[in-house]
Trainee: 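This is the structure I have questions about; it appears just below.
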Amino acid sequence: MSEIATKSPPEAPERAPSPKPRRDALWWVRKALWLVVLLVALALPLYLEAEWLKAGQYMMVGAVGAIGLTLLTGQAGQLSLAHAFFLLAGATAYTVLSGPTGDPELLGFGLDPLLALLGAVAISAVLGLAFAPVAGRLRGIYLGVASLSLVFLGLYFGQAAENLTGGTSTGRPPAEFSLFGFPFSNEGDLEILGVPIRETERVWYLFLALTVIAFLLARGAVGGRVGRAWRAVRDNEPAAAVMGVSVWRAKAGAFAVSSAYAGLAGVMTVLWFDLLKPDESEFGTYGINVSIAYLAMIIIGGLGSVPGALVGALLVNGLPQVLALYSTELGWSTGTGEHAFTPILISSFVYGAAIILVVLFEPGGLAAIGRRIAGRLSGKQRERNGS
Amino acid sequence: METFVQLVVNGLGKGAVFALLALGFVIIFKATEVVNFAHGSLVLFGGYLVVTLRDSIGWAGAAIVGVVGAGLLALVVERLLLSRSKLADPFSLALLTIGVDVIVTEEIVRRLGVSLPFIGDAWDAKPIQVGGITLFRTHLVALVVATVLITLFFLAFRYSNWGIAMRAQAENKEAAALVGIRSGRVTATAWLVAGLLAGVAVLFIATQDFSGAGLSRGTHSIALAAFPAAILGGLDSTAGAVAGGITVGLVDALATHYVSFAFAKSAVFLVMLVVLVVRPSGLFGTRETTRV
């Protein structure tokens, strides 16, 4: 498992893959750290209040979406501002597929929520694939702006297709999630160590499972053949083609995978809000600001780095939530009135500044910083081994 | 027929404003290969200066300060941030401008609060009757102002030392530097000019005639339509920016009338998508060629 080789930044030359997985002490330390993170995440619902769990859930929504975008933009080198559109697509697809049948105003198929979730992910992937002919022809900034058009189409679609989305004024509630009959709601008594596991805790575990799956799949893709093809196309298309990589397939595949991730994040978004509500303007739950926020996550985390996307999501999606909770707890008068420094505003400043600082001083993002620290540690260790 | 003429004139007026913005994009892109995502925030900044100053120094003075202010903000962004990171690739720098955009826009929107001031005092909401057709004064003035400014720009671009230096740098940066063209000065002036044009554009955008909405986050969204305008024409073509701007203005005006207001925004982007599928580098853009 040469982890260093699998997530090197665009500018660092890829290290030759070592034939045997190097399982030195650092490798074990890394695995142990991930295990600790997972265990902490599993234990948190037993200690945290519901509103803090809610904030954590929102970070996980961001994490899933950001992982998808970092695969597309960081690994495959395709700038996309359309992430919010695929979020909306996934959200709408889940709500419609799982929605009750027989409502004259709202279309619904009454599917099992799990099937609806999978269907929503599939539909988002297909939509991403449908955009691939456009994406395949365009490069860089042209693609970025072309993908921006999807957000505007989504805005119009959300307003116009009221029988799917419920319209901008009321929106439409999604079906509660359930897994093989187990409801993710307050129904039934369930306790772990004397702590009642109710809706918030259950949804936490659901989101955690989805995030872990999303994370592992992405790490697998990045470390494997697919990831190599993406990076080859990103660095030099003709060279990739010469080496036998199907450029078109790599690009289309990256778009489909990334849209599937965004679709899943969209499903998580409606489950989190417990409401599907299309935006009234470009600024909203599925607006340009969201596309930019996701882009901010992956820039801050380091383009192409899956763990970096995770950390970026914690920062960008977590900060407004945490600030809001702290300000009520500590009685800060951040206020909500006119000219107020709301938590959302402060976090926008923070991530705007973070983008600038990252580009100016550390283009590899947090991932590069982490890699440098790990390099230092392993360097020291080698010295110790040598002595 | 009368409505159609009216729509076309309105579309041209809107198009002229979009052309000003798109021209700014293109100038910056030609000089630095950076796509400036912060263009919308330059627009807001210029407008905000007008709003805060017009009570004390009058509308005309405030308008001039707004235009100059937007230009200076662009200059500051270039000098302070972009010129410091010459090694970063244009792609990262484009991302950097997103960071600038978020900060400036959020702060101005916070300062504006719930007030949505209209800032086209000299021409707003004073329609003109021409032979039975009602025309918006804003659009006519915009058309005249934009024509003058764009003509001036093209003359300068063609004949002045600055224009020649800029074209030389766009053609080949190393060669331009070798013959003694000061690259820093060229990029700085490019950003300044783009900012000035954005400052002029906002005087027409935040009006009742143009958007029906005052200076707000919506102004920023409208400025975003300059993106498709610049891309339509080809990001590295100044003439393309003007053609793209006019196209966007006409599509916007016609779609608003014949389909719906909500659809008009998407229509602009749809047209861009169609053009891009047929011509991936825009109508007048240079085709990217790759050497193996």
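In what follows, chains carry the letters A, B, and so on, assigned in the order in which the sequence lines appear, proteins first and then strands, with residues in each chain numbered from 1.
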Trainee: What residue, out of B:D101, B:V109, B:I98, B:L95, has the most heavy-atom pairs lying under 4.5 Å from chain A?
Mentor: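 Highest number of heavy-atom pairs under 4.5 Å: B:L95.
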Trainee: Short question: side chain of A:Y156, backbone of B:A264 - any donor-acceptor pair under 3.5 Å?
Mentor: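 No: the side chain of A:Y156 does not pair with the backbone of B:A264.
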Trainee: Could you tell me which portion of A:L295 (side chain, backbone, both or neither) has an atom closer than 4.5 angstrom to a non-hydrogen atom of chain B?
Mentor: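 A:L295 touches chain B through side-chain heavy atoms alone.
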Trainee: Let me know if A:Y351 has heavy atoms under 4.5 Å from chain B in its side chain, its backbone, both or neither.
Mentor: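 The side chain, not the backbone.
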Trainee: Need one label for A:I356: side chain, backbone, both or neither, based on atoms under 4.5 Å from any heavy atom in chain B.
Mentor: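 Both backbone and side chain of A:I356 come within 4.5 Å of chain B.
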Trainee: Which bit of B:V77 is near chain A, if near means a heavy-atom gap under 4.5 Å: side chain, backbone, both or neither?
Mentor: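 Answer is neither: B:V77 stays 4.5 Å or more from chain A.
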Trainee: At a 4.5 Å cut-off on heavy atoms, which part of A:A353 comes close to chain B: side chain, backbone, both, or neither?
Mentor: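 Looking at A:A353, backbone and side chain both touch chain B.
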Trainee: Go through the atoms of A:L143 and report whether side chain, backbone, both or neither lie under 4.5 Å from a heavy atom of chain B.
Mentor: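 For A:L143, there is no contact with chain B at all, as no heavy atom is under 4.5 Å.
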Trainee: Side chain, backbone, both or neither: which part of A:T73 has a non-hydrogen atom closer than 4.5 Å to chain B?
Mentor: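 Contact with chain B involves the side chain of A:T73 alone.
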Trainee: Can you say whether A:I298 sits under 4.5 Å from chain B via the side chain, the backbone, both, or neither, judging by heavy atoms?
Mentor: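 For A:I298, neither part sits under 4.5 Å from chain B.
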Trainee: Can you pull the salt bridge (Lys or Arg N to Asp or Glu O under 4.0 Å) pairs that have at least one residue in residues 248-272 of chain B, sequence neighbours excluded?
Mentor: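 Residue pairs passing salt bridge (Lys or Arg N to Asp or Glu O under 4.0 Å), neighbours aside: A:E282-B:K265, B:K14-B:D252.
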Trainee: Could you note down all residue pairs passing salt bridge (Lys or Arg N to Asp or Glu O under 4.0 Å) where residues 72-87 of chain A supplies at least one of them, sequence neighbours left out?
Mentor: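 Counting only pairs at least two positions apart or across chains, no salt bridge (Lys or Arg N to Asp or Glu O under 4.0 Å) contact touches residues 72-87 of chain A.
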Trainee: Using non-hydrogen atoms and a 4.5 Å limit, figure out which bit of B:F29 sits close to chain A: side chain, backbone, both or neither.
Mentor: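 For B:F29, there is no contact with chain A at all, as no heavy atom is under 4.5 Å.
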